[in-house]
2 protein chains.
Amino acid sequence: MSPQRRSGLGTNQEAIRRHNLGTVLRHVHGAGEMSRAELTSLMGLNRSTIAGLVGELESLGITERADPAEGVRQGAGRPSAGVRIAADGPYVIAVDLGVDRAVVARVGLGGRILQRSQAPVHSDGEAWQVGAAVAALIRTVVEDAPAASPLVGIGISVPGLVRRNDGLIRLAPNLEWHDVSFGGIVLAALGLDVPVCLANDADLGALAEHTRGAGVGTDELIYISGNVGVGAGIITGGHRLEGAGGYAGEVGHLRFNPQGRPCHCGNLGCWETEVGAHAIASAIACPPDKVVQLGEVLESFGKPSPALRATGTALGQGLASLVNAFNPRMVILGGYFRSLYLLVGREVDAGLAERALPAPLESVTLALPGLGADSSLLGAAEIALEPLFVDPVAALGTAIDDVRSRLAG
Amino acid sequence: MSPQRRSGLGTNQEAIRRHNLGTVLRHVHGAGEMSRAELTSLMGLNRSTIAGLVGELESLGITERADPAEGVRQGAGRPSAGVRIAADGPYVIAVDLGVDRAVVARVGLGGRILQRSQAPVHSDGEAWQVGAAVAALIRTVVEDAPAASPLVGIGISVPGLVRRNDGLIRLAPNLEWHDVSFGGIVLAALGLDVPVCLANDADLGALAEHTRGAGVGTDELIYISGNVGVGAGIITGGHRLEGAGGYAGEVGHLRFNPQGRPCHCGNLGCWETEVGAHAIASAIACPPDKVVQLGEVLESFGKPSPALRATGTALGQGLASLVNAFNPRMVILGGYFRSLYLLVGREVDAGLAERALPAPLESVTLALPGLGADSSLLGAAEIALEPLFVDPVAALGTAIDDVRSRLAG
DNA sequence: TGGATTCGTTGTCTGGTCGAACGAAAGGCG
DNA sequence: CGCCTTTCGTTCGACCAGACAACGAATCCA
């Protein structure tokens with residue numbers, strides 16, 4: 001089992017324990033609650049081994065023992081004890097940085113949003129101002145956390161290009177940021193030192209939909225995020241496709257129509273000039289100040305206009321390129337693409353069928369997000385939780401206990 | 001170490017042994033020969049553990065002990081014993097099915113081509129005829145194999161869409177094949193039962209270049225194959241990007257110019273209509289019967305014509321879409337793109353720089369294949385060898401000893 | 001020629017999982 | 001209502017893989 005993803009290293013038995021412990025936790029995290037018997041069959045390990053692993057997770061305060069599931073009796077035999085995420089267990093802070101607002105949530109294992117808060121963000125705000133606002137939201141959200149619960153880390157979803165090495169925001173067009181170290185800014189404003197990780201919002205949307213949304217069990221999927229810009233998050237082999245620098249999935253600037261409109265990137269006829277928010281807004285005569293809420297504008301739309309139908313066709317045709325290139329099993333239409341698909345789904349399907357090759361086309365389905373507008377937020381939580389699944393003991397070692405008193409001091 | 005790629009399974013200690021044994025072999029396979037000391041530092045295991053693993057590989061007849069490397073003395077201390085691929089070790093059959101010829105080789109661990117043979121293939125040949133021809137080449141190539149050497153499997157590179165589940169050739173446009181079970185055909189013609197695996201030629205080119213070509217150590221790369229059609233093989237996180245059905249990388253039909261020429265896929269202005277073999281052939285007035293050797297035709301080309309320079313620009317502009325979508329560290333120009341790049345590299349670079357986003361552009365380099373025309377062939381060998389790196393003992397268990405006498409009977 | 005360094009080899013130890021045995025908790029049935 | 005069957009939790013010993021320490025071997029260097 002488990003061919004290495006990190007290349008070439010050998011495996012010793014401490015690594016086994018870490019890996020198995022993390023895998024148990026990953027399963028419980030995915031399902032919310034499950035029985036030990038399910039764990040044994042899922043992981044292919046011995047009953048006694050699972051017992052040991054579960055016992056260690058309980059003694060770490062991560063999970064707690066649950067009574068056998070009352071609802072489902074599935075035959076004879078002694079019912080298996082349940083494993084459940086502990087109420088006072090570790091949690092993370094998830095931040096979804098949007099163009100016009102920031103959402104901050106305290107998220108526990110299992111993907112439960114324990115507390116959330118949000119505030120508007122001025123699109124011409126300096127990074128340090130936004131960082132201060134986010135830090136204030138974090139303080140709010142942490143306020144009612146149980147003192148026993150450790151904070152594992154902070155995950156931040158960014159509408160822009162994020163370098164994978166260090167989390168530097170290389171470019172966030174709609175915030176007009178260049179080379180901003182936003183993670184450091186937030187930590188400084190908090191006066192705290194916890195692991196922070198940043199990633200692109202579409203990448204995180206894909207991750208969250210894969211973990212607990214419409215794409216559970218689908219190891220090859222693409223999440224198309226329609227915010228002001230157009231981006232894609234790609235899951236391949238069950239893992240995020242990040243690319244060399246972390247910029248993979250910038251599909252908004254695929255060449256679509258070289259005789260088309262100018263794009264802010266400097267070229268003509270990028271896909272984004274046809275299906276981006278500004279393009280759609282002008283197609284439906286949406287006032288410029290409402291472009292950031294394009295999804296809601298589209299919701300209140302009655303009958304699609306010809307221009308909107310043409311946009312749907314262009315969306316489908318562009319998706320065809322992605323389907324040909326990536327051959328996903330599922331394409332999830334996030335952001336305002338969700339509303340758009342509800343209006344002109346037929347045109348999208350037709351545009352896709354028109355230009356995709358038969359073989360990849362027959363195995364792909366278009367889907368709507370299963371997490372609504374929270375995809376990126378929950379994805380941010382996922383990357384912050386990730387260390388727990390790699391090595392629960394080490395992750396708890398670097399976690400911070402009693403955050404509230406530290407923030408007060 | 002080694003977070004699982006196959007999801008969810010637990011790890012027991014038999015798995016450790018298999019994994020470590022396979023990893024040692026993978027390293028030796030990659031380097032050809034290396035010292036035990038290098039293995040210990042690369043894998044992070046103890047000296048004695050490496051000794052045990054190497055000893056097992058030797059007793060399996062896969063590797064043999066080599067004297068300490070004579071050439072390189074790197075300081076004081078007792079020189080470390082070498083580990084080398086055994087001369088009579090296991091081997092595989094690699095098949096590169098081209099549009100006009102088939103190449104068959106016997107390839108040992110370390111990627112050494114031990115014997116090769118090839119024959120022309122008629123482009124209107126039926127699949128069973130081609131299969132019989134390939135089987136005859138295999139018999140030739142196996143003839144001089146040592147009787148002690150086991151045959152591990154057969155890998156076949158196909159210019160078309162191959163389904164990953166079962167290796168069915170869904171479509172090979174230039175052979176005019178639809179839904180051909182070529183693996184079964186070859187096995188039937190041989191009268192042998194060994195593991196066969198088929199994959200797309202561009203995918204295999206990428207794999208081979210990543211393992212032992214221009215892309216060694218580069219875990220994010222794209223190999224663009226210019227045969228008659230245009231395809232891409234993608235390596236991401238050090239692994240092949242296959243997609244849900246195995247069809248990922250069909251970039252020849254990316255939308256390039258919707259006002260362009262008709263493509264055989266039924267659409268207008270696919271990238272392939274600008275940079276495909278037929279497009280280039282008409283740009284340089286190459287006779288139709290020489291299209292399949294377009295690379296060699298381009299080699300003998302003096303000064304690039306304006307039309308050829310425009311093709312170079314189109315190549316670069318299309319690559320920009322790939323760079324934006326995948327953010328690779330390296331793009332390898334295989335097939336006739338190699339010759340094309342030697343002629344109009346400046347235009348390719350300019351087209352790429354024109355349309356790629358700055359962030360992904362700055363981390364990408366264009367490169368020529370390090371394996372010449374053998375990329376796909378060696379990639380076919382790699383996938384056939386792969387079981388040895390997952391579990392050497394099991395792979396040798398299903399291997400066939402003394403193939404020659406079996407083929408005679 | 002002797003010391004330092006690095007490596008191979010051997011034996012012992014530690015740690016993780018497996019397997020068998022036993023008791024516990026449920027369902028099914030007469 | 002009692003008993004059997006089934007499934008699970010728990011405990012204990014066995015097994016196996018890798019780590020570690022000690023020793024000898026091979027090389028370089030002064």
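Numbered from 1 within each chain, the chains take letters A, B, ... in sequence-line order.
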Calculate the interatomic distance between A:R78 atom CZ and D:dT7 atom P; express it in whole Å. 14 Å
Does A:N20 put a side-chain nitrogen or oxygen below 4.0 Å from OP1 or OP2 of C:dG16? no
Which of the following nucleotides, C:dG27, D:dT10, C:dT9, is nearest to the side chain of B:R65? C:dT9
Would you be so kind as to tabulate the donor-acceptor pairs closer than 3.5 Å made by side chains of residues 83-94 of chain B, with sequence neighbours excluded?
| unit_1 | atom_1 | unit_2 | atom_2 | d |
| --- | --- | --- | --- | --- |
| B:R84 | NH1 | B:E64 | OE2 | 2.8 |

Between P on D:dC20 and CG on B:L45, what's the gap in Å once rounded to a whole number? 11 Å
I need the CD1-P distance between B:I16 and C:dG15, as an integer number of Å. 15 Å
A:L21 CG to C:dG15 C1', in whole Å, measures 14 Å
When you check the side-chain N and O atoms of A:D219 and A:H210, is any donor under 3.5 Å from an acceptor? yes
Gap between atoms CE and P, on B:M43 and D:dG18 respectively (whole Å): 9 Å
Would you say B:R329's side chain and B:G215's backbone share a donor-acceptor pair under 3.5 angstrom? no
Go through C:dG8, D:dC8, D:dG18 for me and flag the one nearest to the A:S80 side chain. D:dC8
Considering only side-chain heavy atoms of B:A37, which listed nucleotide, C:dT9, C:dG19, C:dC7, is closest? C:dC7
Residues in residues 47-59 of chain A with a heavy atom under 4.0 Å of DNA chain C, by number, are A:R47, A:S48, A:T49
Counting heavy atoms from C-beta on, name the nucleotide in D:dG18, D:dT10, C:dC18 closest to the side chain of A:N46. C:dC18
Could you state the atom-to-atom distance from CD of B:E38 to P of C:dC7 in whole Å? 10 Å
In terms of the nearest nucleotide of DNA chain D, which residue is placed more toward the 5' end: A:E14 or A:T40? A:T40
Would you confirm whether A:N20, through its side chain, and B:T11, through its main-chain N or O, come within 3.5 Å as a donor-acceptor pair? yes
Salt bridge between A:R240 and A:E382, side-chain N to carboxylate O under 4.0 Å? no
B:N12 has an atom CG; how far is it from atom C1' of C:dG19, in whole Å? 13 Å
Starting at atom CD of B:Q13, determine the distance to atom P of C:dG19, rounded to an integer number of angstrom. 11 Å
Using modelled atom types only, decide if a donor and an acceptor are shared between the side chain of A:E209 and the backbone of A:A214 within a distance under 3.5 Å. yes
For atom CG of A:D401, is the number of surrounding heavy atoms from other residues, nucleotides or ligands below 6.0 Å larger than 12? yes
Please tell me if B:R17 has a side-chain N or O lying less than 4.0 Å from either OP1 or OP2 of D:dC15. no
